[in-house]
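From a predicted model like this one, the values you see are computed outputs, not experimental measurements. All values below were derived from every heavy atom in this structure, side-chain atoms included, with hydrogens, water molecules and symmetry-related copies excluded.
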Amino acid sequence: MYRHADQLPAGTLLRGFDLCIVGAGAAGIAMAQRLANTSLQALLLVSGAPGDKRSPDAARQSLYAGTTGEFLHKVDPVFMQRSRLNMYGGTTNHFGFWARPLDAADLQARPGYREVGWAISADELAPYYAAAHEFGRFGPVNYDDMAFWQRVLYARCFDALPGDTLQGAIMRAQYEENLHDFQLQFRDLLRDAPNICVLFNAHLLYIDSDVAGSHVRGLQCATLVDGKAGAHFEVRARKYVLACGGIENARLLQLSGGLGNNARDMLGRGFMLHPLLTNAARVTFEQPIASDIRNFFREQQIRLKAPSDPAGEYRHMATPLVNPELVFDYLVFNAWGMLAPRPQTLADEGIGNFRIILYFNDAGDEAIVNLNWEQLPDEASRITLNPQVRDPIFGQPVAHVDWRLNEADKHSAVRALELSLDYLRARGGSKAQMITDVSGGAEAWTFPPAAGALETGDHHMGALRMSASPENGIVDVNSRLHSVDNLYIAGSAIFPAGGYANPTLTIVALSLRLADHLRGL
């Protein structure tokens with residue numbers, strides 16, 4: 001059911017819920033969807049409104065102003081508000097749902113690069129990746145079936161050569177807003193589910209815990225009315241989930257007395273993004289690259305017919321649609337190929353995982369190299385509170401994000417480009433011109449507005465790391481804070497390592513897994 005917090009009398013105490021989920025972006029909505037029409041009574045706190053679409057209310061968005069460290073400010077001075085949306089659906093309102101699971105190497109510690117690994121395995125995540133795939137109507141989870149993708153893309157990757165360090169990889173995207181805007185896709189389900197209460201205009205201010213900080217007793221919340229702080233109310237439930245995004249989750253725990261911090265002071269540390277060089281280099285080829293190879297790297301709309309038998313094959317449908325409404329009988333999404341390192345390459349090189357997108361010119365004799373890569377979970381890269389700057393609505397300290405890239409991160413980028421250019425030279429790339437200056441130390445980059453400037457991917461990861469033991473992270477294998485018996489975290493803040501894949505598919509998979517855990521499945 002839908003309810004509105006601004007219709008509650010001041011001082012209202014909401015209670016009787018098995019679970020309270022705070023935040024309604026990809027993680028919160030995924031959990032609520034999984035729990036709909038079950039016996040578990042859940043309250044979903046939404047800062048936005050049911051009609052939210054594309055752009056947030058200005059007053060609400062001002063709560064996300066925040067401040068940035070010197071390095072992040074040089075790369076993206078408006079990062080804090082540009083890269084996240086304070087509205088129903090969160091950042092699912094402004095993304096294209098680029099999807100790919102994490103590689104097995106991303107989940108494992110890799111000696112020589114990083115000792116940190118995930119506390120759960122690829123096999124454990126596999127069924128939840130399959131369920132997460134349904135959110136984008138992406139069809140089979142067959143990213144490694146290159147024969148299938150070469151067939152549906154009418155394409156082939158470059159032919160393999162002895163000693164290759166790279167290989168083809170596949171990415172998918174969903175641009176249909178009724179699917180990638182999760183609040184639209186699951187609107188009717190969440191509105192009508194008798195066990196789900198969706199409470200709009202509900203802003204969490206403080207998490208109230210016992211003296212030891214080991215048990216949450218309630219949530220102190222408020223509304224926002226006409227651009228100003230409104231009435232306060234309280235929520236009590238048996239268990240709680242923070243699903244407010246990779247930055248806000250850490251800020252809320254810090255506002256609540258550093259709730260969940262460990263002996264190593266890791267709360268908010270290890271903040272990661274996916275650094276991005278959209279125009280890293282230009283490669284000229286001796287002869288135009290064959291059109292079917294260029295097709296592999298060209299984003300295309302895919303239309304699949306699902307099999308009637310679960311064990312059957314998905315068929316690619318390329319014939320024109322006589323009736324446009326027939327499109328609803330198919331799985332429609334976009335897909336394209338990339339280059340990524342072979343697992344052995346990562347082990348041999350001791351670098352972060354990465355992906356290369358190639359953008360060819362019309363003649364096919366030139367390509368721009370686009371690089372996105374994994375950074376180390378450096379504890380000096382962190383989220384803290386800035387008590388000198390307070391939000392304009394509730395007067396609380398804003399989040400301060402001091403994102404860093406260290407020498408290992410820069411080495412990963414440099415080596416990724418070297419390997420990629422070597423790969424392309426072996427395919428006739430006679431001339432390679434660097435656009436980004438990757439010389440110098442960790443903080444010596446090409447910065448905006450120069451061509452080839454370093455950019456921030458909008459993937460906020462790692463500040464509340466999952467770990468098997470409380471000495472090495474903030475949440476356990478079931479996403480519960482090690483030191484708090486009834487508080488859980490949903491979202492990419494729990495990622496111990498980020499790989500290169502866009503995180504939404506993994507966020508949804510982990511959120512579905514958490515929902516099943518809370519139901520006792």
Side-chain angles (χ1 to χ4, degrees), residues 17-46 90 92 97 99 101-102 104 106-107 118-138 140-141 179 182-183 185-186 188-190 192-198 216 237-246 249 260 310 461 464-468 473-482 484-496 501 503-521:
F17 296 97
D18 297 306
L19 179 68
C20 177
I21 303 168
V22 186
I29 290 178
M31 289 195 66
Q33 175 266 350
R34 189 75 159 190
L35 296 171
N37 299 309
T38 68
S39 61
L40 193 147
Q41 297 296 311
L43 174 66
L44 179 65
L45 297 186
V46 183
T92 71
F97 199 174
L102 291 171
D106 299 327
L107 301 174
W118 285 66
I120 52 180
S121 68
D123 288 344
E124 197 171 352
L125 275 177
Y128 293 105
Y129 270 134
H133 242 227
E134 296 298 319
F135 281 57
R137 287 179 58 82
F138 288 128
V141 190
L179 293 176
F182 286 4
Q183 81 281 13
Q185 181 177 172
F186 299 110
D188 294 347
L189 174 68
L190 298 184
D192 299 338
N195 68 312
I196 304 289
C197 177
V198 183
V216 173
R238 290 196 304 111
K239 296 179 180 179
Y240 306 84
V241 176
L242 289 186
C244 301
N249 279 343
M461 303 173 288
L464 305 173
R465 184 187 305 169
M466 176 187 285
S467 64
I474 301 300
V475 305
D476 66 14
V477 294
N478 292 315
S479 303
R480 181 179 66 80
L481 275 80
H482 283 293
V484 186
D485 65 6
N486 62 341
L487 180 57
Y488 299 76
I489 305 295
S492 53
I494 69 174
F495 286 20
T504 305
L505 194 69
T506 303
I507 290 172
V508 174
L510 288 170
S511 299
L512 299 178
R513 177 177 179 268
L514 174 56
D516 282 358
H517 172 73
L518 292 170
R519 284 180 60 197
L521 297 180

Check: Between CZ of R238 and CG of N486, what distance do you get to the nearest 0.5 Å?
Finding: 9.5 Å
Next item on the list: Calculate, to the nearest 0.5 Å, the distance between atoms CD1 and OG belonging to I474 and S479 respectively.
Entry: 13.0 Å
Item checked: Side chains of I29 and Q185 in contact at under 4.5 Å (non-hydrogen atoms) -> no
Checklist line | Steps toward side-chain contact (heavy atoms from CB on, under 4.5 Å) verdict (I120, L510) | finding: CA-CA 10 Å; I120 52 180; L510 288 170; 3.6 Å; yes
Checklist line | Polar side-chain atom of D476 near backbone of H482 as donor-acceptor pair, under 3.5 Å | finding: no
Checklist line | For A27 against G491, the heavy-atom pair lying closest together | finding: CB-N, 4.0 Å
Notebook entry, point to check: So, for F138 and Y129, is the gap between ring centers shorter than 6.0 Å?
Noted result: no
Checklist line | Backbone of V484 reached by a side-chain donor or acceptor of R480 within 3.5 Å | finding: yes
Notebook entry, point to check: Can you tell me how far the CD1 atom of I494 sits from the CD1 atom of I489, to the nearest 0.5 Å?
Noted result: 8.5 Å
Notebook entry, point to check: Can you check whether P101 reaches L505 side chain to side chain, under 4.5 Å on heavy atoms?
Noted result: yes
Notebook entry, point to check: Okay, side chain of Q183, backbone of A24: is any donor-acceptor separation there less than 3.5 Å?
Noted result: no
Checklist line | Smallest separation among heavy atoms of P140 and H133, with atom names | finding: O-CE1, 3.3 Å
Next item on the list: For A104, enumerate each residue passing the side-chain contact (heavy atoms from CB on, under 4.5 Å) test, keeping only those at least two apart in sequence or located in another chain.
Entry: Q108
Note to self: With a 3.5 Å distance limit and no angle check, can you tell me whether S121 reaches the backbone of E124 through a side-chain donor-acceptor pair?
What the structure shows: yes
Item checked: N37 versus L189, closest heavy-atom pair with distance -> ND2-CD1, 3.7 Å
Check: Looking at CG of L35 and CD of Q41, how far apart are the two atoms once the value is rounded to the nearest 0.5 Å?
Finding: 11.0 Å
Item checked: C197 side, atom SG; L190 side, atom CG - distance, nearest 0.5 Å -> 11.0 Å
Next item on the list: Hey, could you give me the CD1/CG distance between I21 and L242, rounded to the nearest 0.5 Å?
Entry: 11.0 Å
Checklist line | S39 backbone acceptor or donor facing N195 side chain under 3.5 Å | finding: no
Checklist line | Least distance between heavy atoms, G260 atom then L481 atom | finding: CA-CD2, 3.2 Å
Check: Distance-only, no hydrogens or angles: does the Y128 side chain make a donor-acceptor pair with backbone N or O of S511 under 3.5 Å?
Finding: no
Checklist line | Criterion side-chain contact (heavy atoms from CB on, under 4.5 Å) on K239 and D485, from CA distance to verdict | finding: CA-CA 9 Å; K239 296 179 180 179; D485 65 6; over 6 Å; no
Item checked: Flag side-chain contact, heavy atom, 4.5 Å: V241 against L518 -> yes
Margin query: Could you tell me if the side chain of Q33 sits less than 4.5 Å from the side chain of L512, heavy atoms only?
Written below: yes
Check: Of all heavy-atom pairs between L514 and A490, which one has the smallest distance, and what is that distance?
Finding: CD2-CB, 4.2 Å
Notebook entry, point to check: How about F97 and T504: do any of their side-chain heavy atoms sit closer than 4.5 Å?
Noted result: yes
Check: Looking only at heavy atoms, which two atoms of L44 and G28 are closest? And how far apart?
Finding: CD1-O, 4.1 Å
Next item on the list: Report yes if some heavy atom in the side chain of V508 is under 4.5 Å from a heavy atom in the side chain of F182; otherwise report no.
Entry: yes
